[in-house]
Amino acid sequence: MQHRQLGKTGPSVSALGLGCMGMSGMYGPAERPESIATIHAALEAGITLLDTGDFYGMGHNEMLIGEALQGRNRDQALISVKFGALRDPAGNWLGYDARPKAIKSFLAYTLQRLRVDHIDIYRPARLDPDVPIEDTIEAIADMVKAGYVRHIGLSEVGAETIHRAASVHPICDLQIEYSLISRGIEDSILPVCRELGIGITAYGVLSRGLISGHWSKDKAGPGDFRAHSPRFQEGNVERNLGLVEALKGVADRKGVSVAQIAIAWVAAQGEDIVPLVGARRRDRLAEALGVLNVRLTEEDLAAIERAVPKGAAAGDRYAAPQMSMLDSERS
Ligand SMILES: NC(=O)c1ccc[n+]([C@@H]2O[C@H](COP(=O)([O-])OP(=O)(O)OC[C@H]3O[C@@H](n4cnc5c(N)ncnc54)[C@H](OP(=O)(O)O)[C@@H]3O)[C@@H](O)[C@H]2O)c1
């Protein structure tokens with residue numbers, strides 16, 4: 001396994017991380033035994049970074065990871081946890097809470113569900129508009145001092161918030177969507193992270209499967225985030241799948257799969273970027289791991305750029321109500 005340093009203050013992690021969200025309902029039903037087998041296969045392949053959120057399946061994802069880690073060396077895994085998204089028993093989204101007291105309470109429950117005594121990277125899933133980021137980071141810093149958290153990360157915040165957060169405590173990484181068709185971070189967010197020595201854990205590197213080469217129109221079933229995501233909607237999806245077709249031409253010439261070329265492109269954007277792959281099955285994980293053997297040349301990168309030029313995708317990366325919660329889209 002290759003490794004990358006997560007920011008100037010963070011841990012060294014595997015060059016690919018495993019995002020476990022899809023194992024808890026976000027993309028429709030997932031098979032529990034297969035999910036656990038996928039986590040085990042990732043650990044056995046040398047993946048150390050496991051990403052979750054306390055709201056993925058309202059605790060389901062953390063309990064799944066906790067179960068998968070039983071009987072294993074807990075320190076083999078670096079567990080990254082997002083908190084703050086509020087959901088009701090039916091799974092509806094209620095907003096965000098990043099108040100200091102709430103954070104400490106969320107963390108207490110997370111440690112129980114994961115069956116661990118510390119979290120490696122703890123981060124607010126979104127900026128809580130009612131709480132200054134300094135207060136949120138200070139509360140996590142208290143938990144670092146108390147030994148319950150090792151490192152502090154951020155998620156989907158913009159340049160100003162990153163600066164303010166980093167003035168309180170070292171930030172190891174920003175988790176944010178970054179892919180061939182979501183390049184918004186390149187203008188100001190990525191430069192600020194580089195200036196401050198903050199790494200990037202990139203999610204949605206396959207744009208939720210849209211640019212994986214395995215997606216076809218009308219595939220999303222009920223309960224699947226993609227059924228409501230603008231890029232998957234009639235009128236947009238056709239154009240976006242056209243980009244995938246162009247990318248397939250480049251992948252075929254290189255002798256790799258579309259998913260591999262899309263993930264390799266993200267990894268090639270800098271040693272400070274760690275792609276999170278959202279595999280929930282072992283076959284998808286194996287495909288993603290193949291990226292570790294893919295080296296993109298300048299000509300490959302130019303061909304990819306011609307196939308999928310910046311800004312070519314149709315539709316926003318989230319529906320309007322979720323877009324409005326993204327601090328990262330404001331600065
Ligand atoms: N910070 C944030 O706001 C935020 C937001 C979203 C996600 N995340 C984190 O980032 C992780 C990754 O995000 P994501 O799952 O949306 O992104 P993704 O990797 O772009 O999409 C994953 C989906 O792509 C499909 N896929 C097809 N081929 C694949 C392959 N070879 N390897 C992996 N997936 C393949 C799978 O769908 P099928 O299984 O249906 O084929 C899979 O569920 C999440 O698990 C979560 O931990 C963070």
Side-chain angles (χ1 to χ4, degrees), residues 16-31 34-35 38-39 41-42 45 47 49-57 61-62 64-65 79-85 93 96 121-127 153-157 173-182 185 200-216 219-221 223-227 229 231-232 244 251 256-267 274-292 294 317-318 322-323 325-329:
L16 290 179
L18 181 67
C20 300
M21 180 183 80
M23 299 174 183
S24 296
M26 207 69 86
Y27 297 137
E31 297 286 324
E34 183 59 27
S35 296
T38 303
I39 296 172
I47 286 188
L49 180 63
L50 300 181
D51 185 70
T52 182
D54 61 11
F55 48 91
Y56 291 163
N61 206 240
E62 291 180 325
L64 185 83
I65 294 173
I79 309 175
S80 153
V81 179
K82 290 178 293 300
F83 66 85
W93 301 93
Y96 295 92
I121 311 173
Y122 202 49
R123 68 182 86 241
R126 296 286 182 270
L127 179 70
L154 293 169
S155 169
E156 285 290 357
V157 290
D173 71 313
L174 168 68
Q175 192 174 108
I176 195 157
E177 186 162 1
Y178 189 35
S179 74
L180 267 168
I181 63 170
S182 301
I185 73 167
I200 300 285
T201 41
Y203 79 82
V205 294
L206 296 176
S207 197
R208 322 302 189 121
L210 177 61
I211 59 168
S212 66
H214 299 295
W215 191 260
S216 53
K219 217 174 144 199
D224 189 326
F225 164 91
R226 299 172 288 201
S229 170
R231 288 184 173 166
F232 290 81
V244 177
V256 301
S257 73
V258 177
Q260 287 171 338
I261 209 142
I263 301 169
W265 180 88
V266 175
V274 176
L276 286 176
V277 295
R280 51 184 178 167
R281 294 182 352 213
R282 282 169 290 180
D283 57 346
R284 298 284 200 242
L285 174 71
E287 181 182 32
L289 284 166
V291 168
L292 297 169
V294 178
R317 58 195 184 97
Y318 283 97
Q322 290 123 43
M323 279 298 270
M325 294 305 297
L326 295 178
D327 184 63
S328 50
E329 291 289 331

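If you read the sequence from its start, that first residue is 1, and numbering goes on from there. Atom set for the values below is all heavy atoms of this structure, side chains included, hydrogens, waters and symmetry mates excluded. We count ligands from 1, going down the list as the structure has it; atoms in each ligand are counted the same way.
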I need the atoms of ligand 1 closer than 4.0 Å to a non-hydrogen atom of [X], numbered in the order shown.
X      : answer
Arg126 : 2 (C), 3 (O)
Gly19  : 11 (C), 44 (C), 45 (O), 47 (O)
Ser212 : 27 (C), 28 (N)
His214 : 27 (C), 28 (N)
Glu287 : 28 (N), 30 (C), 31 (N)

Quick one: look up the protein heavy atom nearest [atom] and list residue, atom name and how far away it is.
atom                    : result
atom 47 (O) of ligand 1 : Asp51 OD2, 2.6 Å
atom 10 (O) of ligand 1 : Tyr203 CB, 3.1 Å
atom 19 (O) of ligand 1 : Gly278 N, 3.2 Å

For ligand 1, is there an N or O atom under 3.5 Å from any N or O atom of Thr52?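 N/O-N/O distance below 3.5 Å does not exist for this pair.
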Can you find an N or O of Lys82 that's nearer than 3.5 Å to an N or O of ligand 1?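 No - when backbone and side-chain N and O of Lys82 are compared with those of ligand 1, no distance drops under 3.5 Å.
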May I ask you to decide whether [X] forms a salt bridge with [Y], counting only side-chain N to carboxylate O separations under 4.0 Å?
X      : Y      : value
Lys82  : Glu156 : no
Arg281 : Glu31  : no
Glu34  : Arg282 : yes

For ligand 1, does Ser179 get within less than 4.0 Å through its side chain, its backbone, both, or neither, judged by non-hydrogen atoms?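 Neither part.
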For ligand 1, indicate whether the residue Tyr56 contacts it via side chain, backbone, both or neither (heavy-atom separation under 4.0 Å).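 Within the 4.0 Å criterion, Tyr56 contacts ligand 1 through side-chain atoms alone.
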Measure the distances from the heavy atoms of Gly204 to every atom of ligand 1 and state whether one is below 4.0 angstrom.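 Yes, that is the case, since the closest heavy atom of the residue is under 4.0 Å from the ligand.
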